[in-house]
Every structure is written in C-alpha cells, then in structure tokens.
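The next block holds one structure in the form of structure tokens; read it before the comments.
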Amino acid sequence: QVQVMESGGGLVQAGGSLRLSCVASGNSVVSINVMGWYRQAAGKERELVAESVTRGDTKYSDSVKGRFTISRDKTQKRVYLQMDSLKPEDTAVYFCNYRARSLSFWGQGTQVTVSS
C-alpha cells in the first residue's frame, strides 16, 4: 500500500506565502508516478491545483498559474507546492494525491486559510 501525508498549511494574510509538502511512502511506492495537489473549499467541489507527471512536466489550474509552483523530489517520493501572492479565494483544504498503475491514494488534507 501507499501512505500519503501532507503538511504545511496554516493561516496567512492576503499576499503572503505558504509552502506545502507531501510524502508518499510504503512498499508499493514506485518511482514512475504522478503526484499533485487538489483543494476543496467549503461548499465547493474538489479541484485540481497543480500536478507533476515527471520532474520537468507540470500542470496548473488557471487560477493559480504564475503564483503557485509545484516541484518534485522523486528520490524521496516528495512533492511541494510553493504558494505565493495568496488570495482569500485560495482558502481551502489542500490534498496531496499519488497515483500509479491505475491506483490513486490521498492524504488527509491540510487547511490553508488566507485572510483579507
């Protein structure tokens, strides 16, 4: 199995920054995988924020493009999300996702709150 755990959330003022971290572990983790970040705001559906297919291949939602940066440490099975110029609408629970071999695993989420 694969265990996924994210951290780094918190409370920040609008315009501030946060850095989220996620690690995938367990005896089923493989180096060829996709890891990404999703978020779910209160009363809203879960949405993709950013995804890393390979070390140099990334995807971002339009709402965060230019402000957020996803990066990988494939040796350690880790993924990061650097969030800059945060806005109140970024407030949500952020989830880390790992998928490989047609299987998907999720972390429990970390709360990000951006105040005006």
Side-chain angles (χ1 to χ4, degrees):
Q1 292 296 316
V2 175
Q3 293 80 46
V4 180
M5 183 174 295
E6 60 272 86
S7 62
L11 175 65
V12 65
Q13 299 273 58
S17 298
L18 285 173
R19 181 176 172 85
L20 305 184
S21 179
C22 173
V23 59
S25 61
N27 55 19
S28 296
V29 174
V30 296
S31 59
I32 306 300
N33 61 61
V34 179
M35 296 188 72
W37 293 94
Y38 294 73
R39 68 186 181 188
Q40 186 167 15
K44 304 293 184 180
E45 295 183 347
R46 184 178 62 188
E47 64 174 350
L48 174 69
V49 176
E51 190 174 67
S52 177
V53 179
T54 65
R55 186 173 183 177
D57 189 1
T58 58
K59 178 181 178 181
Y60 297 91
S61 69
D62 289 340
S63 62
V64 307
K65 194 173 300 180
R67 299 188 297 119
F68 292 9
T69 304
I70 189 170
S71 59
R72 293 286 299 272
D73 183 345
K74 290 188 175 181
T75 301
Q76 299 179 10
K77 281 77 174 178
R78 302 182 75 95
V79 63
Y80 306 90
L81 186 68
Q82 178 66 43
M83 304 184 293
D84 297 322
S85 301
L86 283 162
K87 305 175 181 179
E89 51 262 44
D90 295 319
T91 296
V93 177
Y94 283 70
F95 297 91
C96 180
N97 176 257
Y98 165 100
R99 68 176 187 267
R101 300 173 176 174
S102 301
L103 296 176
S104 183
F105 300 87
W106 294 89
Q108 292 183 310
T110 184
Q111 177 71 48
V112 172
T113 302
V114 184
S115 62
S116 300

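What you see is a predicted model, and the numbers here were worked out from it, not measured in a lab.
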| Least distance between heavy atoms, Asp84 atom then Gln82 atom | OD1-NE2, 3.0 Å
| query | What's in the same ILVMFWY side-chain cluster as Leu81, cut-off under 4.5 Å, chained through other members? | reply | Val2, Val4, Val12, Leu18, Leu20, Val29, Val30, Met35, Trp37, Val49, Tyr60, Val64, Phe68, Ile70, Val79, Met83, Leu86, Tyr94, Tyr98, Leu103, Phe105, Val112, Val114
| field | Set of side chain to side chain contact (heavy atoms under 4.5 Å, CB included) partners for Lys44, sequence neighbours left out | value | Ala41
| note | Heavy atoms of Ala14 and Ser116 approach each other most closely as CB-CA, 4.4 Å
| said: Let's go through Ser21 and Arg78 carefully: what are the C-alpha distance in whole Å and the side-chain angles of both, what is the deciding distance for side-chain contact (heavy atoms from CB on, under 4.5 Å) to 0.1 Å, and is it a yes or a no? | reply: CA-CA 7 Å; Ser21 179; Arg78 302 182 75 95; 3.1 Å; yes
| message | Could you walk me through whether Glu51 and Asp57 satisfy the side-chain contact (heavy atoms from CB on, under 4.5 Å) test, starting with their C-alpha distance in whole Å, then the side-chain angles of each, then the deciding distance to 0.1 Å, before giving a yes or no? | response | CA-CA 8 Å; Glu51 190 174 67; Asp57 189 1; over 6 Å; no
| field | Distance in Å, Cys22 SG paired with Asn97 CG, rounded so as to fall on 0.5 Å steps | value | 8.5 Å
| Once you round to the nearest 0.5 Å, how far does CZ of Arg101 lie from CG of Asn33? | 10.0 Å
| request: Please name all residues satisfying side chain to side chain contact (heavy atoms under 4.5 Å, CB included) with Glu47, sequence neighbours left out, ordered by chain then number. | output: Arg39
| request: Considering non-hydrogen atoms only, spot the tightest contact between Ser71 and Arg19 and give its length. | output: OG-NH2, 4.4 Å
| request: Examine distances only and state if a side-chain atom of Glu6 and a backbone atom of Gln108 form a donor-acceptor pair shorter than 3.5 Å. | output: yes
| task | Please lay out, stage by stage, how Asp62 and Lys65 fare under the test salt bridge (charged side-chain N to carboxylate O under 4.0 Å, His left out). | result | CA-CA 5 Å; Asp62 289 340; Lys65 194 173 300 180; 3.4 Å; yes
| note | Heavy atoms of Ser104 and Arg99 approach each other most closely as CA-CB, 4.0 Å
| task | Classify the side-chain pair Gln1/Ser28 by whether it contains a donor and acceptor separated by less than 3.5 Å. | result | no
